[in-house]
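Because the structure is a prediction, the values reported are computed rather than measured. What's counted below: heavy atoms across the whole structure, side chains too, no hydrogens, waters or symmetry copies. The chains referred to below are lettered A, B, ... by the order of the sequence lines, with proteins before strands, and numbering in each begins at 1.
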There are 2 protein chains.
Amino acid sequence: MKKDLRIIKTEESLRKALLTLLKTKTLETISISELCRLAQINRGTFYLHYRDVHDVFRHYFEVIVEDFRKAYEKPYLNTNFNINNMTPDMIDIFNHVKKYKAFYQIIFDGKSPMTYYYLVFDTIRKFMEESLSIDNNAVYLDVDFDYLISYHANAIIGIIIEWHKQNYTTPIEILNEQLIKLITNTRSYR
Amino acid sequence: MKKDLRIIKTEESLRKALLTLLKTKTLETISISELCRLAQINRGTFYLHYRDVHDVFRHYFEVIVEDFRKAYEKPYLNTNFNINNMTPDMIDIFNHVKKYKAFYQIIFDGKSPMTYYYLVFDTIRKFMEESLSIDNNAVYLDVDFDYLISYHANAIIGIIIEWHKQNYTTPIEILNEQLIKLITNTRSYR
DNA sequence: GAAGATAATGAACACCTGTACAATAAAAGT
DNA sequence: ACTTTTATTGTACAGGTGTTCATTATCTTC
């Protein structure tokens with residue numbers, strides 16, 4: 001079954017208007033009324049499609065996350081993967097974040113809701129889950145699989161948070177280096 | 001210099017009113033107007049002290065985080081700490097989270113702003129930073145210290161997120177066990 | 001306890017929010 | 001092309017937001 005043309009038109013107008021407004025102001029300062037005025041959509045119609053402005057933004061971010069998922073699906077799965085033989089190019093996540101930096105700056109902003117964070121988290125987590133499941137030989141020392149994955153997935157986001165706080169100044173190659181060292185254990189003594 | 005009594009009275013009324021409202025409804029559904037009505041504070045006065053309802057909530061959470069910080073400051077520092085000789089009771093963070101479960105459920109809610117998350121993150125991160133700095137002998141394999149700490153700090157929150165998603169069903173003892181295994185490396189083969 | 005400083009109040013303003021409903025417009029199905 | 005179905009519109013309403021300003025109340029300080 002096809003979607004009504006009017007719906008497509010309405011939603012696209014709103015999404016396009018949001019991008020336009022984001023060029024000059026922050027997501028939090030954009031009101032539904034303003035968005036509808038620019039998109040030339042009746043405000044009542046807005047509520048037939050979205051709950052709030054974040055809801056419109058979410059669409060873009062879901063496309064972005066999907067782009068990431070597809071781009072790194074294959075190389076990831078082809079590796080006999082386990083948590084200790086990972087190479088940086090398998091999870092070229094930093095390239096992805098840099099590519100959509102403008103969006104990730106919004107997502108990691110203190111005022112943004114946690115939903116976006118969870119979307120990133122769930123995506124990375126799922127990647128790890130699928131990859132680690134392939135590596136049947138590994139036994140993870142009685143660590144519950146759910147906790148293991150959540151631990152490592154969020155650790156990676158920890159690097160992205162640090163990168164964000166440093167305003168994305170660290171080069172991607174360095175980040176990949178560091179990540180690989182952190183994953184394949186971290187400590188040595190002099 | 002002392003704080004004006006009127007200010008103390010106003011802020012306390014608002015904070016108390018928030019706690020009352022939180023018993024019956026969620027943080028997002030509480031309006032400034034409603035809060036002021038219950039606290040018997042003029043709405044204009046509200047804006048002299050807080051920016052929004054979250055701002056009032058933040059006060060409570062800062063107290064909670066401070067409680068955590070103080071409770072685990074000493075045992076942590078007394079240990080010749082490094083990332084591999086940690087014991088669960090050093091970071092008894094899960095006990096803390098359980099104690100203030102009602103608050104952490106709000107903080108990890110998808111609608112809550114990232115600010116609270118960052119407050120948790122910064123606190124755990126600072127703990128790690130202070131502790132790891134003591135362990136002068138360790139060299140962390142050319143891993144940038146900032147990234148190292150952010151990585152491990154956020155990993156721990158990864159466990160809390162998983163715990164939250166499982167509705168805090170996993171017992172604390174198990175969580176401590178798993179955490180220690182995850183920190184002191186994770187993998188073995190059959 | 002009086003004088004000066006500062007905070008709280010009430011009223012008003014323009015704007016935003018979420019919802020409802022009848023009227024209209026524009027698709028889809030035949 | 002015509003009918004049916006469905007989406008959009010305009011209007012209205014009760015409430016919330018954030019700000020301003022003169023007035024009043026309450027604290028602090030001496």
Expressed in angstrom and rounded to an integer, what is the separation of [X] atom [atom1] from [N] atom [atom2]?
{"X": "B:Tyr47", "N": "C:dG10", "atom1": "OH", "atom2": "P", "result": "16 Å"}
{"X": "B:Asp55", "N": "D:dG18", "atom1": "CG", "atom2": "C1'", "result": "14 Å"}
{"X": "A:Tyr50", "N": "C:dT17", "atom1": "OH", "atom2": "P", "result": "16 Å"}
{"X": "A:Leu48", "N": "D:dG10", "atom1": "CG", "atom2": "P", "result": "14 Å"}
{"X": "B:Leu5", "N": "C:dA7", "atom1": "CG", "atom2": "C1'", "result": "11 Å"}

message: What I want to check is whether an N or O donor and acceptor connect the side chain of A:Arg6 with the base of C:dA26 at under 3.5 Å.
response: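 Side chain to base: pair found, below 3.5 Å.
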
- request: Answer yes or no: side-chain N or O of B:Arg43 and base N or O of D:dG18 forming a donor-acceptor pair under 3.5 Å.
  value: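 Checked by distance alone, the answer is yes.
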
Can you name the closest pair of heavy atoms from [X] and [Y] and give their distance?
{"X": "A:Asp67", "Y": "A:Lys99", "answer": "OD2-NZ, 3.5 Å"}
{"X": "A:Tyr116", "Y": "A:Phe61", "answer": "O-CE2, 3.7 Å"}
{"X": "B:Phe46", "Y": "B:Val53", "answer": "CZ-N, 4.1 Å"}
{"X": "A:Tyr60", "Y": "A:Arg15", "answer": "OH-O, 3.0 Å"}

State plainly whether the residues [X] and [Y] are in salt-bridge range, i.e. N to O under 4.0 Å.
{"X": "B:Lys165", "Y": "A:Asp146", "answer": "no"}
{"X": "A:Arg6", "Y": "A:Asp4", "answer": "yes"}
{"X": "B:Arg69", "Y": "B:Glu66", "answer": "yes"}

message: Is B:Asn42 close enough to C:dA8 that one of its side-chain N or O atoms is under 4.0 Å from OP1 or OP2 there?
response: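 No, B:Asn42 has no side-chain N/O under 4.0 Å of OP1/OP2 on C:dA8.
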
task: Could you tell me whether the phosphate oxygens of D:dA7, OP1 or OP2, come under 4.0 Å of any side-chain nitrogen or oxygen in A:His49?
output: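 So the side-chain polar atoms of A:His49 never come under 4.0 Å of the phosphate oxygens OP1 or OP2 of D:dA7.
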
Candidates [options] - which lies nearest the side chain of [X]:
{"X": "A:Asp4", "options": "C:dA7, C:dT17, C:dA27", "result": "C:dA27"}
{"X": "A:Ile7", "options": "C:dA12, D:dA7, D:dT11", "result": "D:dA7"}
{"X": "B:Ile41", "options": "D:dT11, C:dT9, D:dT17", "result": "C:dT9"}

field: DNA chain D contacts made by residues 9-40 of chain A, counting heavy atoms under 4.0 Å
entry: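 A:Thr10, A:Gln40, in order of number.
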
